[in-house]
Amino acid sequence: MTDATAKPLVTMTGIDKSFPGVHALDNCRFDLRAGEVHALVGENGAGKSTLMKVLAGIYRKDAGVITIDGHEVEIANPRAAQDLGISMIHQELNLMNHLTVAQNIFIGREPRRRFSTFLLDDATLNRNAAQLLEMMHLKIDPRTKVADLTVAKQQMVEIAKALSYNARVLIMDEPTAALTEAEIAELFAIIRRLRSQGVGIVYISHRLEELKQISDRITVMRDGRYIDTVPTPDATIEQIIRMMVGRTIYESAPELPTEESREIVLEVRNLNRAGVLKDISFTLKRGEILGFAGLMGAGRTEVARAIFGADPIDSGEILVHGQPVRIKTPRDAVRHGIGYLSEDRKRYGLALKMDVETNVVLAALQKFVNAVGWVDRRRTTATANHHVATLAIKTPSLQQQVKNLSGGTQQKVVVGKWLTANTDILIFDEPTRGIDVGAKSEIYKLLNDLARQGKAIIMISSELPEILRMSHRIIVMCEGRITGELSSTEASQEAIMTLATQRGGIVADNGDTGGSPGGQSDSPRLVSMESQSA
Amino acid sequence: AAPAAPAAPAAPAAPAAPAAATAAPAQEAAKKPYIPVISKGFQHQFWQAVKAGAEQAAIDFNVDITFEGPESEAMVDKQLEMVQTALDKKPDALCIAALDSKALIPLLERAQAEGIPVIGFDSGVDSDIPVTTAATDNIAAAATAADKMAELIGGEGEVAVIVHDQTSRTGIDRRDGFVNRIAEAYPNITIVDIQYGGGDHLRSTDLAKAIIQAHPNLKGFFGANEGSIIGVLNAVTELDMGGKLVIIGYDAGKQQMDAIRSGLQAGAITQNPVGIGYKCVESAVRALAGEQLDPITDTGFFWYDASNIDDPQIQALLYE
Amino acid sequence: MSLETTSSIPFSRTIFRSDATQKILAFAGLIVLFVVFSLASPNFLTFNNIVGILLATAVNGLLALGVTYIIITGGIDLSVGTVMTLSAVMTGVAIVMWGLPIPIGVLVGIGTGALAGLVNGLTISKMKVPPFIATLGVMMMAKGLALVISGARPIYFNDAPAFREIAMGSLVGMIVPDYKIPNAVLVLFGAAIIAHLILTKTVMGRYNLAIGSNEEATRLSGVNVDRWKTAIYALGGAFSGIGGVIMAARLNSAQPALGAGYELDAIAAVVIGGTSLSGGEGTILGTIIGAFIISVLTNGLRILSVPQEWQMVITGAIVILAVYADIIRRRQK
Amino acid sequence: MSLETTSSIPFSRTIFRSDATQKILAFAGLIVLFVVFSLASPNFLTFNNIVGILLATAVNGLLALGVTYIIITGGIDLSVGTVMTLSAVMTGVAIVMWGLPIPIGVLVGIGTGALAGLVNGLTISKMKVPPFIATLGVMMMAKGLALVISGARPIYFNDAPAFREIAMGSLVGMIVPDYKIPNAVLVLFGAAIIAHLILTKTVMGRYNLAIGSNEEATRLSGVNVDRWKTAIYALGGAFSGIGGVIMAARLNSAQPALGAGYELDAIAAVVIGGTSLSGGEGTILGTIIGAFIISVLTNGLRILSVPQEWQMVITGAIVILAVYADIIRRRQK
Ligand SMILES: Nc1ncnc2c1ncn2[C@@H]1O[C@H](COP(=O)(O)OP(=O)(O)OP(=O)(O)O)[C@@H](O)[C@H]1O
Ligand SMILES: Nc1ncnc2c1ncn2[C@@H]1O[C@H](COP(=O)(O)OP(=O)(O)OP(=O)(O)O)[C@@H](O)[C@H]1O
Ligand SMILES: [Mg+2]
Ligand SMILES: [Mg+2]
């Protein structure tokens, strides 16, 4: 509201929306001007996505008024929103995996053959998609199946799709959660270009530093209510956080152990998996947080999955407490005290239709069997209650289905699961993806606590500040190889990036690329593209 | 009660080795004639009895047979495919119990064109291609059942019927034979319900129970094949109503025979399934030998009850 | 790290979607049918007819119990009907042909079902064949084997008269002479209680739900999903085996040609009972209600002497409506 | 195709997992069966028998075509068999009872199928009833209605002799007299080509795949998913309608009791053909191959005079193995 002269493109006032049992939006408001980037922030479950889904015609509002260009509108379905020039990039990927990139981008608006309403013109479709991708500097063949792309590429396809509508209002719900620095830079360039063309952009993110770079105004929501809107230059991050959580968050400095432990808990020797991993060797010590850094698709998740027995390995040795172990299934891993917190909690972390309690005890269920052979409900409830309390899991009850919880809360449920399993080696893969600042600092604190209790922790993260802040040691990967190891003292963003782009790994070994395996010059994106087809 | 229909009790037990059987194989000692027998089904006991007769004849006349039939009597198309495949096997003759008397004709024409004699059994085909048909007159047989029913319930009251199939020839003929006879000859008898149990013992049981529940004044129950009547018997047993209903069945089978012996069931119509199977293969052998055959071989039906069930003549017609 | 104090969101509101109300409503369809048929025919609400309905539910109910587990994993089982038949035949073989004692024969029957379920389970979990196809194949094989083993002839239990008592005797009647409820009904209810306890109280039940909800996440939680899935299919098969024993006892014979098509009734019972075909949720109580809805409907239409072709039409419509009512109810909750 | 220049990345590699190789391999199962049966019996590889196989595939193939679309949406259609029957009956009613011209009668038959499909589609998309239950209900209703309308009697087309020619005449035979391939086979191949074009070249096919791949994402993209899904079920129903017409023409009669259980053969053909039951992928060519695998298997076992109960056992095993082979093949690609 600082620039009173700019005419609002969209206004939303008095918006109310309830889901069974949850009052998600309570008299909420929001406005958007042409040619601005308006950031929307709030804790997990604050109602950001819900508010924007109302605007995009996905949810019907219970009450309230939406105007566009000053005219009141009813947005009954996504089609109506599109017709009004509103397009949305969803927090979750919303792609048809079996279809190609081009088919995904233009779904619902396929070019037709001449004189025909039903026959598709796929040549034009691919050409249009190619143009669009090129404009975004994306090197993706529009005929690639989306299933064959990495998550980051899929996210970029989503963005391309949203842009293809040439919308006047573009809503981005956490577009950067799965992107690398370079892709984020590319995205920001696109956003700036659109802004200069007069597009109004809603930008939802938990990465508050980004807001400073890209947004013009920031609106804060809490508990389904509107809190305030401030011009970005006038706001400090601390201020915004305070508005978000309604209190000051004390961000502790990394609490590194004074004395480094010598006890090696996990040792990995020469782990290989054709086309994905090459000669992975490292050690993990008791009480240590070992950071795994690298660009998207560097193979960090693959290392974790290989150690955890989720994917087969071709060769290599794993030693737990100095003993060689055979880990062929996740069950073996859990038995040897390894827990894995996946980067994609919905797909790999949670039984979404089940309640909080079951999810929390799932990995350790056998421990809760009583003499009769039944699951001891009293103990599972007690354990779940304990974790709900210590992790501050925001759930109405233990019987709440996990699918009804917000993303950050879900993540905490997964953490609770591995705490219940009480494994002494924990692999956290992107533990703070999609998590609000409050929850994030809690998770950091948790990681430190766990390390201090003697757990050995691997933390995979694409956020360099997070890696730098949390890790005792940092392993950097590129193209399926470990390209270097840094101690906390020698680590810096620059040092990590240098190692993370040290190419010449397994892709070159495959030998069939026409690309430039040795070149460091190209954008980091290339990495995932190349290994993706391997 | 005596045999209720004119019938030539073609006892299958001891066929005189016919001239045909000795004459034909003389030239081709190595290759036995091949005669596919395609029935209307194969899982039900009735068809298994037919199969037993056909296999006996195959031994007696030194021929090869195969016996197959679709899983349900509704599957007209599957039977067509079986006949077609059988013809592709270049058989010497073909025995067929047509599910649909018209649908088969084109294939029978092909058989005729290829010089393969066709023998019908169980029920006829609307065509003069079959050199003979060994069949039961189901309409007359069911009418006999109706007469017995009327006699035993005293000419008046409520009667229900369970039939195995609503659309198959045997199902229709037995239902209509029974129903029409009652309508014509016994005005004081009402048929209160006709339901179809697919020949499935369990379903027929629950079906019969519901009918009995719905009609407390029911006096008689007719089951038109083995599965149907066993359903009725189970229902009566489970409801503890033994002796309160006149039960008349069809075909044989151990449970039905036991019920007749014990008096739970009044009696039943039996065809001559073993004889039908035997007869059709025998006719095929005769046709191959160039014999002239009567166009219709009535294989007959009989009423049996506790009084005559153990007569050797009747026993020969029954299967367990 | 106690954050509770900071959260001001009124989550308590979610508590109103009470599960108890939910369960009472699930009975609604059944009760509506009961009332309608009772008003339409005086012969419906008689003791004998109610016993008839209970008895008619026994076999389908048992099959449906097993199918419930399998549908909860997100799978399907088309083989229940013919596996039931094969179990009945094997029971007959054991008792009549091999002359084994009845309890052993019963175990052979149940074991046959479990074995067939095991084949389903291994095909699905080890060979990764989709459940629809795996169980379709086993359905055909069981059908064929039942005929092969029995020689396509029924096996009668006349020489072991006690066998029939398993289904048709009446323990209840021995205690309360006026209420001769056949044992088959007790077996159904007993099996349902055990099935309920397995689903809600045991590790197996919990894993069953978890696998149906998210198989991969369950695997990544260190659960041996393949083994548990196999076990669940075997358990489902065991219920078909019990169904086979009860059917054989009721018919006092093992009928080898029965069983085709029974799977659809069993699956319908499960789905009408509110178990989601996409897996991850379901209750035994629901399945039992679903099985009774089907039996009551079939029985009621027969009692009313509705022509059979119309019975089919009406049943088809009501199956859809029953599930639709369940959907509406959930949406409102 | 103008992209090669802009991209420095070797996309060509994706071409090696060539769909062509894939498709040739899909034939492998079929060819193996052919070779085995040809070696085992001299009567197998005869012109007459091959025509017999083709003819036996016609109806199941047509049903399977329709089911392919529906499985691609991630749904299932249990009603195809009885809807086929209902369509045959309505064709009979139109031509024989109402005396309408044959082409109109054929349209009535196809229209009946489409209408039944529409009911499926609306029940699924508007009432949100799961496809299994919706089509199970319609299956029962169609079965009942076929009996009601026909009076449970076959309707014979003897007075319209040209009708039979639709299936059993031979256009090919008129041109090449030695090759009397029945028209039913041409209808199957013609329908398959149209089905293929619809799936790959039209908006409907695209949305079909999109819905099966991710229904919610398709909806969020502004596609009217409910309407398209309804249309797809109606299209599937139309193929059942064509199947019904061909069935009636082949039998020269509309048999009202046929059709129960036919849905399983059709679904098996689709899945053996590599269409995933979880939706999103599938091909018409695969379905046709799947349908032929079933027919060749059935025919070959009969030609070999394998006892019928063993035929069931073998068919069951081979259905599983065929799908397993497909799974292995995909895993290797
Ligand atoms: N479809 C739904 N059904 C029931 N509850 C829902 C649904 N969608 C959202 N909610 C609830 O509404 C509230 C707001 O959720 P929303 O997704 O809008 O939060 P958010 O601000 O986007 O959070 P996050 O940062 O975690 O994405 C949460 O309590 C959530 O659990
Ligand atoms: N299931 C799979 N099949 C084939 N290739 C895969 C599979 N999963 C991952 N890959 C490829 O392996 C490479 C390594 O991916 P991985 O997910 O391990 O990277 P990462 O460093 O963990 O990155 P991210 O930050 O996305 O988690 C990527 O190029 C990816 O495309
Ligand atoms: Mg959100
Ligand atoms: Mg990763």
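All of these numbers come straight from a predicted model, not from anything done at the bench. Numbered from 1 within each chain, the chains take letters A, B, ... in sequence-line order.
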N49(D), I53(D), N48(D) screened by side chain to side chain contact (heavy atoms under 4.5 Å, CB included) with Q84(B), the one that passes: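 Exactly one option meets the side chain to side chain contact (heavy atoms under 4.5 Å, CB included) with Q84(B), and it is N49(D).
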Heavy-atom pair count under 4.5 Å with chain B, highest-scoring of T298(D), L147(D), V51(D):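 The residue among T298(D), L147(D), V51(D) with the greatest pair count is L147(D).
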Heavy-atom pairs under 4.5 Å with chain B, option from L258(D), V59(D), L55(D) with the top count: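 Maximum pair count with chain B is reached by L258(D).
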Do you know which of [options] has the most heavy-atom pairs under 4.5 Å to chain D?
| options | value |
| --- | --- |
| P36(B), S72(B), S168(B), A74(B) | A74(B) |
| R110(B), K102(B), Q166(B), M75(B) | K102(B) |
| L80(B), T66(B), D100(B), L99(B) | D100(B) |
| E73(B), E68(B), Q43(B) | E68(B) |

Under 4.5 Å from any heavy atom of chain D - which part of Y34(B): side chain
Q255(D) and T167(B): CA distance, side-chain angles, deciding distance, side chain to side chain contact (heavy atoms under 4.5 Å, CB included) verdict: CA-CA 8 Å; Q255(D) 299 283 345; T167(B) 55; over 6 Å; no
Contact summary for D88(B) and N43(D), nearest pair of heavy atoms: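 Taking D88(B) first and N43(D) second, the nearest heavy atoms are O-CB, 3.4 Å.
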Shortest non-hydrogen separation from K90(B) to T46(D) and the atoms involved: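 Heavy atoms only, the tightest pair is NZ-CG2, 4.1 Å.
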Donor-acceptor contact present, side-chain Q308(D) to main-chain G69(B), <3.5 Å: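 Flag set: sc Q308(D) to bb G69(B) pair under 3.5 Å.
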About how many Å separate [atom2] of [Y] and [atom1] of [X], when rounded to the nearest 0.5 Å?
| X | Y | atom1 | atom2 | answer |
| --- | --- | --- | --- | --- |
| D77(B) | R250(D) | CG | CZ | 6.5 Å |
| T85(B) | N299(D) | OG1 | CG | 4.5 Å |
| K89(B) | S41(D) | NZ | OG | 8.0 Å |

Residues, nucleotides or ligands: over 12 heavy atoms within 6.0 Å of F47(D) CZ: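 Check passes, neighbour count above 12.
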K40(B), NZ: over 12 other non-hydrogen atoms inside 6.0 angstrom: yes
Atom group of M168(D) that falls short of 4.5 Å from chain B, counting heavy atoms: neither
Contact origin within Y262(D) toward chain B - heavy atom pairs under 4.5 Å: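 Contact with chain B is through the side chain of Y262(D) alone.
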